[in-house]
Amino acid sequence: MDKIITIISKEWAEVFKNKLVFFSVLFLPLILAALPLGMLFAFSRIEGMETELNDPEIMKLAGQMCVGLNPMDCSLVYTLNLFVLMFMILPVAIPVTIAAYSIVGEKMTRSLEPLLATPITTVELLTAKIIAAVVPAIAATWVAFGIFFIGAWLLTPPAVFAAFFKPHWLLAIFVVAPLLTILATCIAVIVSSRVTDPRVAEQLSALVILPLILLVVGQSMGLILIDEQLMFLLGGIVLALDVILLYLAIRLFQRETILTRWK
Amino acid sequence: MINTSNLTKTFGEHAAVDRLTLDIADGEVFGFLGPNGAGKTTTIRMLTCLIAPTSGSARVLDYEVGRDDQQIRRNVGILTETPGMYDRLSAYRNLSIFARLYEVEKVDFQVEKYLKLLGLWERRNDPVGEFSKGMRQKLAIGRALLHEPRVLFLDEPTSALDPEASRLVHDFIGELKGRGRTIFLCTHNLDEADRLCDRVAVFKTHLRVVDTPGRLRQQVYGRQVVFHLAGPAETFLPIVQALPFVKAAEAKEDKLILSLDDPETHNPDIVRALVGAGAGIQFVGELRYSLEDVYLQLMKEEPATA
Ligand SMILES: Nc1ncnc2c1ncn2[C@@H]1O[C@H](COP(=O)(O)OP(=O)(O)O)[C@@H](O)[C@H]1O
Ligand SMILES: [Mg+2]
């Protein structure tokens, strides 16, 4: 346990000195939180916005999202829903950046070999690397979501907020997002074992975002309705993938494999 | 301290280390000499339980490689081929991380001890990335010693260093030598092996020879004595050739080069015979070959293996 903590604190000390990683962990969440709030603020202030938003078409797209709301409020609910889905990008993008740099970086500087010569077990080492990537990602996601959530509550009429704030979003942020973080980290670990450039590892692993984007698009076109059932289903799928990928990552993460095949 | 028996590692079809059998005593500084690609790093990796042998066996400190790996890792130190420091972190942080991983009890005490010993205490808070290569290499050796291992493996400690930095590292290894540690030193620097090692092995996939540097020189060339004469040596060749203890004789300009088993006993007789024949002797000296000559000679010979 002591060794795991040693490695985690080393990862954080080392990886956050990398500007690229630092910015992606700090600024990506801030931007994702600030952008929608800025838009909401603009909606509530700018004259003439109302007619623009007062589009009955939106009612069709939004479907069940805003039963009993006028088109204007419905637009807001619709926008909020889209944005919150965007937050799900954080649990993928952040750990992938950290893990890619923490593993590929260590490969490049050849510091993995002296590390593997110590009495740390490979499972301890892998656990430490995964935790080091997962924890900041979850923290950043929650902080960004918290800011967005409070901002939305302050900037929108109560009816709109009530229509937007459904339990499935809590499920998404507190259950599915952490599971996604683990998934993305495992993929980054596996991909990192095969490439020598952290940027490539990052980009390949970030492909996990694609299914999420499909969700965003699907929802925005009114093709899918995101509700509790869908979230449970999603959570289940991601959990199953987590188990499989964790197993694979551990299998691949052996001293000899790392030293002789991780080139 | 380190014993291997037919230790072998193959990568696919290709043998990197083939049936290596060695016995290294407690406190010995053992040089492992070989050209690039000889399998030195592979041998160290097997002995430090980083990769598993394909066949054969090895014991380090009475622990069995492949069975007591965790014990071996706890009790040996290793300087890997590339030091692999965390450049963004300070020297102090680099060492304290490893002290913790090696389960050192008094982390701060040990880190301070080695930073001071290495002369890096003043620079302890600087990122290692700002250090010179020689300083990093010393720091990496210090990192391998934090847990006071009884066996130390050094993989080409000076190959990437300039002469000045090499000197720093050599002096440090020399200091360690006096402290009863067993050191396994991989190198292709023969001068280094000659100066630091009690015994050396010449190795290229197979073990060629193991002996003290002095005896290796002798084994390959025998002992040779040079007589510098005042004038051409050719004339005196028959005189020395007639002596029963001269195994071989050669004349080169004003020099006679003789191969002898026991120069201490026979040199006076040779001098007498030469003076008796009218030769003027200017100097007498033993011809010394460097380990490099020995090594190159051995590398030319093909291995005597089936
Ligand atoms: N992981 C590996 N896969 C395949 N071949 C390897 C591997 N590691 C080393 N070798 C081969 O084994 C031989 C010995 O390598 P190495 O032990 O690094 O030599 P040295 O350290 O003496 O320079 C070389 O021919 C090298 O190409
Ligand atoms: Mg090598």
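Residue numbering restarts at 1 for every chain, and letters A, B, ... go by the order of the sequence lines. Just the heavy atoms: all of them, side chains too, but no hydrogens, waters or symmetry mates, feed the values below.
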Gap between atom NZ of B:Lys138 and atom CG of B:Leu168 - 0.5 Å precision: 5.0 Å
Check whether A:Glu256 reaches the backbone of B:Ala52 with its side chain - one donor and one acceptor, N or O, closer than 3.5 Å. yes
Which one of A:Leu115, A:Ile120, A:Ile7 has the most heavy-atom pairs closer than 4.5 Å to chain B? A:Leu115
Working to the nearest 0.5 Å, report the span between CD of A:Glu106 and OG of A:Ser111. 3.5 Å
Considering non-hydrogen atoms only, spot the tightest contact between B:Asp87 and B:Pro127 and give its length. O-CB, 3.5 Å
Counting a contact as any heavy-atom pair under 4.5 Å apart, which residues of residues 91-124 of chain B contact chain A? B:Arg93, B:Ile97, B:Phe98, B:Arg100, B:Leu101, B:Tyr102, B:Glu103
How would you list, in number order, the residues of residues 74-82 of chain B that have a heavy atom less than 4.5 Å from chain A? B:Arg74, B:Ile78, B:Thr80, B:Thr82
How far does CG of A:Leu180 sit from CG of A:Leu239, to the nearest 0.5 angstrom? 11.5 Å
Side-chain donor or acceptor of A:Ser24 paired with backbone N/O of A:Ile94 under 3.5 Å: no
Rounded to the nearest 0.5 Å, what's the gap from CD1 on A:Ile130 to CZ on A:Phe253? Could you check? 8.5 Å
Tell me if a side-chain donor or acceptor on B:Thr4 pairs with a main-chain N or O of B:Leu20 at a distance below 3.5 Å. yes
Basic-acidic side-chain contact under 4.0 Å: B:Arg45, B:Asp155: no
Does the side chain of B:Arg181 reach to within under 4.5 Å of the side chain of B:Leu145, using non-hydrogen atoms? yes
Summary of ring pair (Phe, Tyr, Trp, His ring centres under 6.0 Å) pairs that have at least one residue in residues 88-144 of chain A, sequence neighbours excluded: A:Trp142-A:Phe174
Anything under 30° is parallel, anything over 60° is perpendicular, the rest tilted; go ahead and classify B:Phe30 against B:Phe184. parallel
For the side chain of B:Asp23 and the backbone of B:Asn3, is there at least one donor-acceptor N/O pair under 3.5 Å apart? no
Within residues 59-71 of chain B, contacts to chain A at heavy-atom distances under 4.5 Å involve B:Gln70
Is the side chain of A:Thr121 donor-acceptor paired with the backbone N or O of A:Glu124 at a distance under 3.5 Å, no angle test? yes
Which portion of A:Ile5 sits near chain B, non-hydrogen atoms under 4.5 angstrom: neither
